[in-house]
There are 2 protein chains.
Amino acid sequence: MKIGELARQTGLTTSKIRFYERIGLLKTVDRRSNGYRTYPPQAALILGLITTAQRAGFTLDEIRTLLPSDLQHWDRDALMDALTRKIADIEALQARLAESKAHLLRLVEDIQARPDDMDCAANAHRVLTNVLMTPSENLDVTPDDVRLLDRTDRRLSVSRGRSKKVVSP
Amino acid sequence: MKIGELARQTGLTTSKIRFYERIGLLKTVDRRSNGYRTYPPQAALILGLITTAQRAGFTLDEIRTLLPSDLQHWDRDALMDALTRKIADIEALQARLAESKAHLLRLVEDIQARPDDMDCAANAHRVLTNVLMTPSENLDVTPDDVRLLDRTDRRLSVSRGRSKKVVSP
DNA sequence: TCTAACGTTAAAGGTAACTTCAAGGTCAAG
DNA sequence: CTTGACCTTGAAGTTACCTTTAACGTTAGA
């Protein structure tokens, strides 16, 4: 199948598919005599795997090292290892998010709970002091959380562009 | 106080402080006759606020629009609005992470639960089919989740560099 | 035969939040 | 008067994941 067909099947853009090939992520591709790429049906499967893995928080780099050339022969140990680590990353992230959320909720309450006899400036000072009281000792999260975040991000941002820049025509 | 002193007080790098000034985030800065920046003690407070807000998932852009020039006079409505939205973002993200985690856990189990009489290739096929069965209809997360992710990310990645590139000396 | 749709490439652009670099100027101490 | 610590600037580099652009070749159908 040609690249357009593969794009239709997988819902990816042709540019993305070519990009994956360029970075060595998608190797099941041949060329016809005219230079056109041609893919086996399996390619759609592989692209599906890539997208799924990405959604689970893997970087394309991680995916590349994990994806075997032959879908029948995975490196089970490496795979399990990566999966386990990724789960731990998610858990750390969940903890961090819970903290952030709690912090924000506290802040909201704090702002609303202004004593009736206090003016805005004084209230601002009070809230401000409370906000900055947070010892910030709780930021020690592993960089793997970061990877996960990074990954999850881009993929979604494509889905709906609210901050699209308008280029002058 | 000079920039180095401010950097020491806040734990930020001087480049970061200059950067914040460049993008219009930190305006409380004057110049001495020699061109050196000079800051009021309040600057440390503002930088503290910026870092805190960033940790809570706000982009520098968001922070800029929310930060008043006078710390005594906040736009309470805009602030509450932003806080509420950010909390919602976090909740959406938590849901997504929970899903991702569940997905990964299912996968791990699935890999390990290979029937004794099944060979690796067949197992691979079985697992693969299961993985790709996920309808992927559950990706509809708002782009705000994305922002949050993006923000949370960078900040952390600075904290510990595991993938630091070694530059030839 | 023309046209529209499809394919090709390399290179550059975009995002967010910075850092790094080159090429200096300033200042206090010894 | 030199050394070293500190300050300045604008521009370019970094990361991950793509998209866009320009300039061009191929093919199927009317």
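Lettering follows sequence order; numbering is per chain, from 1.
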Rounded (10°) bend between the five-pair end axes of the helix from dT1(C)-dA30(D) to dG30(C)-dC1(D): 30°

Mapping D61(A) and G35(B) onto DNA chain D by nearest heavy atom, which one lands closer to the 5' end? G35(B)

Could you state the atom-to-atom distance from CG of D30(A) to C1' of dG7(C) in whole Å? 16 Å

Phosphate contact (dT19(C) OP1 or OP2) by T13(B) side-chain N/O below 4.0 Å: yes

Might you work through the side chain to side chain contact (heavy atoms under 4.5 Å, CB included) test for H103(B) and E99(B), ending with a clear yes or no? CA-CA 6 Å; H103(B) 188 227; E99(B) 260 191 35; over 6 Å; no

According to a strict under-4.0 Å criterion, is R37(B) in side-chain N/O contact with OP1 or OP2 of dT8(D)? yes

Once you apply a heavy-atom cut-off of 4.0 Å, does R31(A) come out as touching a base, just sugar-phosphate, or nothing? sugar-phosphate

Among I50(B), I23(B), T59(B), exactly one meets side-chain contact (heavy atoms from CB on, under 4.5 Å) together with R64(B). Which residue is that? I23(B)

Reading DNA chain D from 5' onward, which residue's closest nucleotide shows up sooner: Y36(A) or I17(A)? I17(A)

Over all strands shown, is T14(B) touching base, sugar-phosphate only, or nothing at heavy-atom distances under 4.0 angstrom? nothing

Without decimals, in angstroms, what is the distance between K16(A) NZ and dA16(D) C1'? 12 Å

Would you mind reporting whether Q94(B) and Q94(A) have side-chain heavy atoms less than 4.5 Å apart? no

Could you tell me whether the phosphate oxygens of dG7(C), OP1 or OP2, come under 4.0 Å of any side-chain nitrogen or oxygen in N34(A)? no

Are L79(B) and I46(B) connected in a single hydrophobic cluster, I mean Ile/Leu/Val/Met/Phe/Trp/Tyr linked by side-chain heavy atoms less than 4.5 Å apart? yes

Between dC17(D) and Y20(A), is there an OP1 or OP2 to side-chain N/O distance shorter than 4.0 Å? no

Hey, does I23(A) reach any base, or is it just sugar-phosphate, or nothing, if we go heavy atoms under 4.0 Å? nothing

Sequence neighbours excluded, which residues qualify as side-chain hydrogen bond (donor to acceptor under 3.5 Å, both in side chains) partners of D119(A)? none

side-chain N/O K2(A) vs dG7(C) OP1/OP2, d < 4.0 Å: no

Could you tell me the separation between the CD1 atom of I63(B) and the CG atom of L26(B), rounded to the nearest 0.5 Å? 12.0 Å

Distance in angstrom units between I63(A) CD1 and dC17(D) C1', rounded: 11 Å

Starting at atom CZ of F19(A), determine the distance to atom C1' of dC18(D), rounded to an integer number of angstrom. 6 Å

Euclidean distance, R22(B) CZ relative to I17(B) CD1, rounded to 0.5 Å: 13.0 Å

